[in-house]
Asks: 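A single structure is presented below for examination.
Excluded from the calculations below are hydrogen atoms, water molecules and symmetry mates; all remaining heavy atoms, backbone and side chain alike, are included. Below, chain A is the first sequence line, B the second, and so on; all start at residue 1.
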Number of protein chains: 2
Amino acid sequence: MHERLQFLQEKLTAKNYRVTPQRLLIMQIFCDHEGEHLSAEDIHRLVQEQFPEIGLATVYRTLELFAKMGIIERVHFGDGKNRYELSQHGKHAHHHLICIKCGDVAEVNEDLLERLERSIGEVYEFDILDHQVKFYGYCHRCRRGESK
Amino acid sequence: MHERLQFLQEKLTAKNYRVTPQRLLIMQIFCDHEGEHLSAEDIHRLVQEQFPEIGLATVYRTLELFAKMGIIERVHFGDGKNRYELSQHGKHAHHHLICIKCGDVAEVNEDLLERLERSIGEVYEFDILDHQVKFYGYCHRCRRGESK
DNA sequence: CTGTTTGCAAATGGTTTGCATAACC
DNA sequence: GGTTATGCAAACCATTTGCAAACAG
């Protein structure tokens, strides 16, 4: 949890970016909310609890910086806003199960797509570097008629 | 091509929506541009060539109506705007190869995902109804260093 | 100190909405 | 003729940008 902040500091320093409390705090928020898919507004609200004077623009600029540095990834669920999650160093974490009833988003961490990716790459002469896969349907709760 | 317009008319009438030249024309545009992934603005521009007085709002309202009726599908490529394509009745057409260099979007029509979908459905107790898969990388032209 | 980063407010761009008019049935 | 659909303009919402002040190195 801690080591991630240290890692961030090193990476920032290495690229001549400055280590600021805002950047550290936003990173902290990501660590405290792993597995969630936060929007910029979510992050702004959460950071404000500890640092009320932070501006939304700073959050956006930080998210862009982190994304550019490969620390976080942007994911799109088609609800009009971007969402962000920590990148899982090397591993893809872009298999999402999205419940069309309760809106719950679960992650599938297995890299079952690898074989598919390889064959598509061959057939279509396409060098695949990354992918994003979304499955829409009913989650285990909703399929049983439970509410969230 | 024609039969699609007739199909649209029947579906509109059946649901007590009105058959208007704007709606027919937008459908025509989709038929004339199969395989492309048009944004609302693209469609507005194309329709305007034949019907200059159409408003952007009408385009948006029509797209929403068509999507609600299942005639078209919304797809998101993460460039900030929605894109639309004709639904392929029953078949998924949501495997996209997106070139991160030239921006070209190709479709993969095979339903290679079916097995994967089945096993994920079992493991995660998730009823999968639809999916959307995007592969990002270099297309055959860009990988050879050609320009578009 | 010097250049980067921040906060604020204003601008932007895609999409939605209110309302009076026009068009379908 | 009654209701739905359209066009226009204004509203909206997520995101971006300009700029002067604050801050890291």
Side-chain angles (χ1 to χ4, degrees), chain A residues 5-6 8-27 29 37-69 71-84, chain B residues 5-6 8-27 29 37-69 71-84:
Chain A
L5 290 183
Q6 196 172 331
L8 174 63
Q9 290 197 21
E10 288 164 14
K11 260 203 141 172
L12 287 172
T13 306
K15 302 209 176 186
N16 276 329
Y17 295 124
R18 297 195 172 157
V19 176
T20 67
Q22 290 92 332
R23 288 172 178 172
L24 291 172
L25 211 46
I26 289 174
M27 186 47 143
I29 295 297
H37 306 85
L38 305 169
S39 67
E41 216 190 335
D42 292 337
I43 292 160
H44 184 228
R45 185 174 29 75
L46 289 166
V47 176
Q48 269 191 323
E49 290 173 8
Q50 299 176 246
F51 196 121
E53 64 273 41
I54 197 172
L56 229 197
T58 300
V59 173
Y60 276 105
R61 283 185 282 231
T62 304
L63 292 173
E64 205 199 320
L65 178 68
F66 285 5
K68 200 170 66 185
M69 294 171 70
I71 292 171
I72 61 174
E73 307 266 349
R74 250 180 260 262
V75 272
H76 317 279
F77 295 147
D79 63 345
K81 54 182 80 169
N82 290 325
R83 296 179 173 276
Y84 303 83
Chain B
L5 291 181
Q6 195 172 333
L8 174 64
Q9 290 197 18
E10 286 165 15
K11 262 204 141 171
L12 286 171
T13 308
K15 300 210 178 184
N16 275 330
Y17 295 125
R18 297 192 174 159
V19 176
T20 67
Q22 290 90 335
R23 287 173 179 173
L24 291 173
L25 211 45
I26 289 174
M27 187 46 144
I29 294 297
H37 306 85
L38 305 170
S39 67
E41 217 190 335
D42 292 337
I43 293 160
H44 184 228
R45 184 173 30 73
L46 290 166
V47 177
Q48 267 190 325
E49 290 174 8
Q50 300 176 246
F51 196 121
E53 64 273 41
I54 197 173
L56 230 197
T58 300
V59 173
Y60 275 106
R61 282 185 283 231
T62 303
L63 292 172
E64 205 199 322
L65 178 68
F66 285 4
K68 200 170 64 184
M69 293 171 71
I71 292 172
I72 61 173
E73 307 267 349
R74 249 181 259 262
V75 273
H76 317 279
F77 296 146
D79 63 346
K81 55 183 80 168
N82 290 325
R83 297 178 173 276
Y84 303 84

Asks: Mind calculating the distance between NZ (B:Lys15) and P (D:dA5) to the nearest angstrom?
Replies: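 Rounded to the whole Å, the gap is 13 Å.
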Asks: Between A:Leu56 and A:Ala40, which heavy-atom pair has the shortest distance, and what is it?
Replies: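 Closest pair (atom of A:Leu56, atom of A:Ala40, distance): CD2-O, 4.4 Å.
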Asks: Heavy atoms under 4.0 Å is the rule here; annotate nucleotides 2-13 of chain C 5' to 3' with B where the base is hit, S where only the sugar-phosphate is, and - elsewhere.
Replies: -BBSBBB-----
Asks: Quick check for you: to the nearest 0.5 Å, what is the distance between A:Thr58 atom OG1 and A:Leu65 atom CG?
Replies: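 Answer for the OG1-CG pair, A:Thr58 versus A:Leu65, is 12.0 Å.
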Asks: Starting from P on C:dG14, measure out to OH on B:Tyr84 and report it in whole angstrom.
Replies: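 So the OH-P distance, B:Tyr84 to C:dG14, works out to 12 Å.
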Asks: Measure the distance from CG on A:Leu63 to C1' on D:dT16 and round it to the nearest whole Å.
Replies: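 For the pair A:Leu63 CG and D:dT16 C1', the rounded distance is 13 Å.
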Asks: Starting at CG of B:Asp42 and ending at C1' of C:dT15, how long is that distance when rounded to a whole Å?
Replies: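 The distance from CG of B:Asp42 to C1' of C:dT15 comes to 15 Å, rounded to the nearest Å.
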Asks: How long is the line joining CD of A:Glu10 and C1' of D:dG25, in whole Å?
Replies: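 Those two atoms, CD and C1', are 17 Å apart.
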Asks: Mind calculating the distance between CG (B:Asp79) and P (C:dG14) to the nearest angstrom?
Replies: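 Whole-Å distance recorded here is 9 Å.
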Asks: Specify the closest pair of heavy atoms between B:Ala67 and B:Arg74, including all atoms of both residues, with the distance to one decimal.
Replies: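 Scanning both residues, the minimum pair turns out to be CB-NH2, 4.2 Å.
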Asks: To the nearest Å, give me how far apart CG (A:Leu24) and P (D:dA24) are.
Replies: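 Value for this atom pair: 11 Å.
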Asks: Where is the tightest heavy-atom contact between B:His37 and B:Arg83, given as atom of each residue plus distance?
Replies: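 So the minimum-distance heavy-atom pair works out to O-NH1, 2.8 Å.
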Asks: Taking OP1 and OP2 of C:dG14, is either one under 4.0 Å from a side-chain nitrogen or oxygen of B:Asn82?
Replies: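 Checking C:dG14 against B:Asn82, no side-chain N or O comes under 4.0 Å of OP1 or OP2.
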Asks: What is the distance from atom OH of B:Tyr84 to atom OG1 of B:Thr62, rounded to the nearest 0.5 Å?
Replies: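 OG1 of B:Thr62 is found 10.5 Å from OH of B:Tyr84.
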Asks: Rounded to whole Å, please give me the gap between NE2 in B:His44 and P in C:dT15.
Replies: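 The distance from NE2 of B:His44 to P of C:dT15 comes to 13 Å, rounded to the nearest Å.
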Asks: Which residue pairs pass the salt bridge (charged side-chain N to carboxylate O under 4.0 Å, His left out) test with at least one member in residues 44-66 of chain A, sequence neighbours excluded?
Replies: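 Qualifying pairs, neighbours excluded: A:Asp42-A:Arg45.
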Asks: For B:Val19 and for B:Arg83, find the nucleotide of DNA chain C with the closest heavy atom, then tell me which residue's nucleotide is more 5'.
Replies: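 Comparing both residues, the 5'-ward one is B:Arg83.
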Asks: Is the phosphate of D:dT16, meaning OP1 or OP2, less than 4.0 Å from a side-chain N or O of A:Tyr60?
Replies: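 Indeed not, no polar side-chain atom of A:Tyr60 lies that close.
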Asks: Would you sort out whether A:Val19 and A:Arg23 count as a side-chain contact (heavy atoms from CB on, under 4.5 Å), showing the intermediate values?
Replies: CA-CA 7 Å; A:Val19 176; A:Arg23 288 172 178 172; over 6 Å; no
